[in-house]
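Order of the sequence lines sets the chain letters (A, B, ...), proteins ahead of strands, with each chain counted from 1.
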There are 2 protein chains.
Amino acid sequence: MPARNTKQKEAIRAALESAGRPLTADEVLARAKSAVSGLGAATVYRNLRTLLDESWLAEVQLPGEVTRYELSGKGHHHHFHCRLCGQVFELPACRGDFPALAPKGFEVTGHEVILYGYCPGCAPPPRRPRA
Amino acid sequence: MPARNTKQKEAIRAALESAGRPLTADEVLARAKSAVSGLGAATVYRNLRTLLDESWLAEVQLPGEVTRYELSGKGHHHHFHCRLCGQVFELPACRGDFPALAPKGFEVTGHEVILYGYCPGCAPPPRRPRA
DNA sequence: ATAGGTGCAAACAGTTTGCATGTAT
DNA sequence: ATACATGCAAACTGTTTGCACCTAT
């Protein structure tokens, strides 16, 4: 009868639940460490893997970025990556006819969209020095 | 007076020019190695960096994938990633009102779109066993 | 001749895994 | 009691860097 309830796993779940946005493994480690001081990175990675397998988590992979993790069950959506603070946010909806973007001969089965810019906490961005 | 003309750099350029699609550093190494047998990975990475700095190349970063490199100067476009052979292809156009996808308070300055599916060489994909 | 380039190996970051110990059940 | 989980350290992948040697200019 697998799947035990350890304080480590509990802390990792809590970190992700309270974040409100996708977290990296390092961010999970940092947040969960304050609840379980001796927590090791391997334990975080193992639990993230387990939570993915349980479909409790979903991976958020952005170009050139380390993998982030968010709570699953949110339905089809995409992400916004703040160019200033680096945080990643969920976008609410997904519209658009993406299969139409592919040339003849390509069969489109899925798509990914990432928006870049400045999040509410960072906008407006620094202007170039006014003349 | 920097920037010499070595056979290594020449082979790396040729590999990318003849590929017709974005290549990984490993793919560049493999292709360029047939022209310059002793070629080392570090040399490939250093030249890729240089060619990026010269804007002769552009990075192609897809979620969860190693960086690929394509010739620059192609204008704004996106990519198609084949789920079967793993190759990456350029898509011709980019249409759509992406800024409209962001909630209030977010300032959108750019976007990325990746289509997934089966390329002409791989489509149609394997069907699930017919009943 | 000499600055810049190359190749090897060591160093890195992020992630995974082996193993002895710890602990929830 | 015992199977699963943890923590450390070693291994791994992709990439970068230090350094002695090589080569295009």
In whole Å, what is the span from the [atom1] atom of [X] to the [atom2] atom of [N]?
| X | N | atom1 | atom2 | answer |
| --- | --- | --- | --- | --- |
| D26(B) | dT15(D) | CG | P | 7 Å |
| N47(B) | dA24(D) | CG | P | 14 Å |
| L48(A) | dA5(D) | CG | P | 14 Å |
| E65(A) | dG14(D) | CD | P | 19 Å |
| K33(B) | dT6(C) | NZ | C1' | 14 Å |
| R68(B) | dG14(D) | CZ | P | 12 Å |
| K9(A) | dT23(C) | NZ | P | 16 Å |
| L39(A) | dC8(D) | CG | P | 9 Å |

With sequence neighbours excluded, tell me which residues meet side-chain hydrogen bond (donor to acceptor under 3.5 Å, both in side chains) with K104(B).
none
Should K7(A) and E10(A) count as an ion pair when the cut-off is N to O under 4.0 Å?
no
P92(A) and H77(A): which non-hydrogen atoms are nearest, and at how many Å?
O-CB, 4.1 Å
Tightest non-hydrogen contact, residues C122(B) and Y118(B), listed as C-CB, 4.3 Å
Distance (rounded to the nearest 0.5 Å) between L62(B) CG and L62(A) CG:
12.0 Å
Identify each atom pair where a protein N or O and an N or O of nucleotides 18-20 of chain D are less than 3.5 Å apart, giving names and distance.
residue : atom : partner : partner atom : Å
dG18(D) : O6   : R46(B)  : NH1          : 3.2

Q8(A) vs dG7(D): side-chain N/O to OP1/OP2 distance below 4.0 Å
yes
On the nucleotide dG5(C), are OP1 or OP2 found under 4.0 Å from the side-chain N or O atoms that T6(B) carries?
no
Which of these passes side-chain hydrogen bond (donor to acceptor under 3.5 Å, both in side chains) with E90(A): R21(A), H79(A), K74(A)?
K74(A)
Verify the ring-centre separation between H111(B) and H81(A): is it less than 6.0 angstrom?
no
Select one nucleotide: of dT6(D), dG14(D), dT15(C), the one nearest the side-chain heavy atoms of Y45(B).
dG14(D)
Closest to the N5(A) side chain: dG7(D), dG7(C), dT25(C)?
dT25(C)
Taking atom types as they are modelled, would you say the side chain of R4(B) forms a donor-acceptor pair with the base of dG4(C) within the 3.5 Å cutoff?
yes
Using a cut-off of 4.0 Å on non-hydrogen atoms, how would the nucleic acid contact of T24(B) be classed: base, sugar-phosphate, or nothing?
nothing
